[in-house]
Amino acid sequence: MDLAELEVELRGLQKKALSDIATTEAVASLDELGSSLLGKRGAITDLLRGIGGLPAEDRPKVGVIANEVRAAIEAALEARRGSVGAAELTARIERERIDTTTPGPAPRLGSLHPIPETIGAIARIMGNFGFTVAEGQEIEDDVTNFQLLNIPEDHPSRDLWDTLYLREPGRLLRTHTSPGQIRTMRATTPPIRVILPGRCFRYEAVDASHGFEFHQVEGLLVDRGATLADLKGILDELARGLFGPQAKTRFRPGYYPFTEPSVAVDVSWGGAKDGWMTILGAGMVHPTVLENGGIDPETHQGFAFGLGVERIAMLRHGISDLRAFLEDDVRFLEALR
Ligand code: DAH
């Protein structure tokens with residue numbers, strides 16, 4: 001082969017390569033084509049094997065032509081890669097298009113347990129009358145749970161509270177939220193308007209309407225000139241807030257050592273199986289209890305109430321067995337949504 005022949009071959013290769021490139025439709029095929037032309041074992045390298053047979057002065061000329069051919073092929077590959085690549089991307093975007101308006105899987109929504117739900121409802125209603133929420137403590141001492149509430153040791157009224165005592169002398173699980181009255185009165189000064197929600201414990205045989213663990217919300221107002229009529233008015237509003245505008249309350253005489261007079265309060269909620277149901281105990285705070293809280297009963301009066309949260313939650317949600325509150329059955333919660 002002489003220089004002229006080799007040049008014809010190289011130019012021919014270039015021409016064929018450019019037309020192949022122009023008709024190749026995929027980036028991957030262009031890559032293959034590129035290495036079959038330009039690679040170590042490619043067509044150009046192949047042709048240049050013949051260079052050894054040329055006279056020395058012709059060899060650089062072949063090199064120049066070969067570089068031109070190579071550069072032309074590379075440029076054509078590059079340009080074609082650009083347009084084929086763009087077309088591939090467009091096709092892929094089209095193929096993988098997602099309809100973002102399709103509804104997604106529905107999220108599983110949780111719901112509040114009826115006990116905190118009911119406490120929240122009570123807190124909102126009482127909040128309208130200026131009551132704030134505070135917490136007592138679940139482990140109490142005998143002094144605060146009983147004695148400062150005017151229930152001396154060995155007093156027969158202790159039978160009202162079947163108490164779970166702790167091994168440590170004088171310590172017990174609170175039987176009601178009323179000791180929070182003492183703690184609040186000692187920690188603040190009148191006027192006081194507070195509710196104290198929380199868990200209480202009693203040594204009880206468990207059945208559909210009794211639990212050894214249950215919740216109360218204590219209410220306490222201490223101010224100059226507070227009366228039983230104020231208590232009645234607030235409890236009426238509370239009943240209406242919880243059960244609707246048709247709800248009514250009724251006071252019956254009651255007995256608690258820490259109030260004088262004491263009342264038991266029934267609610268008629270006007271629902272399907274209406275009737276009177278006792279939901280709380282209340283009364284005017286006993287002067288001795290005010291004194292124990294550091295308040296002068298000559299200048300200040302107070303009323304207090306303690307209501308059973310489970311009972312109210314049962315009425316609000318039509319639950320007939322209080323044990324359901326403590327069972328971890330999700331279906332119970334889902335049914336209340
Ligand atoms: N602590 C009482 C109970 O557990 C309920 C109660 C009655 C609370 C009268 C009060 C009250 O604040 O004034 O049965």
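Both ligands and their constituent atoms are indexed starting at 1 by order of listing.
- Counting heavy atoms of neighbouring residues, nucleotides and ligands inside a 6.0 Å radius, atom CG of Leu166 exceeds 12 of them.
- In terms of hydrophobic clustering, with Ile, Leu, Val, Met, Phe, Trp and Tyr side chains grouped at heavy-atom distances under 4.5 Å, Val265 and Trp276 are assigned to different clusters.
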Q: Using the salt bridge (Lys or Arg N to Asp or Glu O under 4.0 Å) rule, take Lys248 and Asp266 through it: C-alpha gap first, then chi angles, then the decisive distance, then the call.
A: CA-CA 8 Å; Lys248 289 197 260 302; Asp266 303 338; over 6 Å; no
N/O pairs closer than 3.5 Å, ligand 1 and protein:
from: ligand 1; atom 1: 1 (N); to: His176; atom 2: ND1; distance (Å): 2.9
from: ligand 1; atom 1: 1 (N); to: Ser178; atom 2: OG; distance (Å): 2.8
from: ligand 1; atom 1: 4 (O); to: Trp161; atom 2: NE1; distance (Å): 3.4
from: ligand 1; atom 1: 4 (O); to: Arg202; atom 2: NH2; distance (Å): 2.9
from: ligand 1; atom 1: 4 (O); to: Gln216; atom 2: NE2; distance (Å): 3.0
from: ligand 1; atom 1: 12 (O); to: Gln181; atom 2: NE2; distance (Å): 3.0
from: ligand 1; atom 1: 12 (O); to: Glu218; atom 2: OE2; distance (Å): 2.6
from: ligand 1; atom 1: 12 (O); to: Phe305; atom 2: N; distance (Å): 3.4
from: ligand 1; atom 1: 12 (O); to: Phe305; atom 2: O; distance (Å): 3.4
from: ligand 1; atom 1: 13 (O); to: Ala304; atom 2: O; distance (Å): 3.2

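- Counting heavy atoms of neighbouring residues, nucleotides and ligands inside a 6.0 Å radius, atom NZ of Lys232 exceeds 12 of them.
- Between the side chains of Glu218 and His176, no donor N or O sits under 3.5 Å from an acceptor N or O.
- Exactly one of Arg183, Arg171, Arg199 qualifies for a salt bridge (Lys or Arg N to Asp or Glu O under 4.0 Å) with Glu140. That residue is Arg183.
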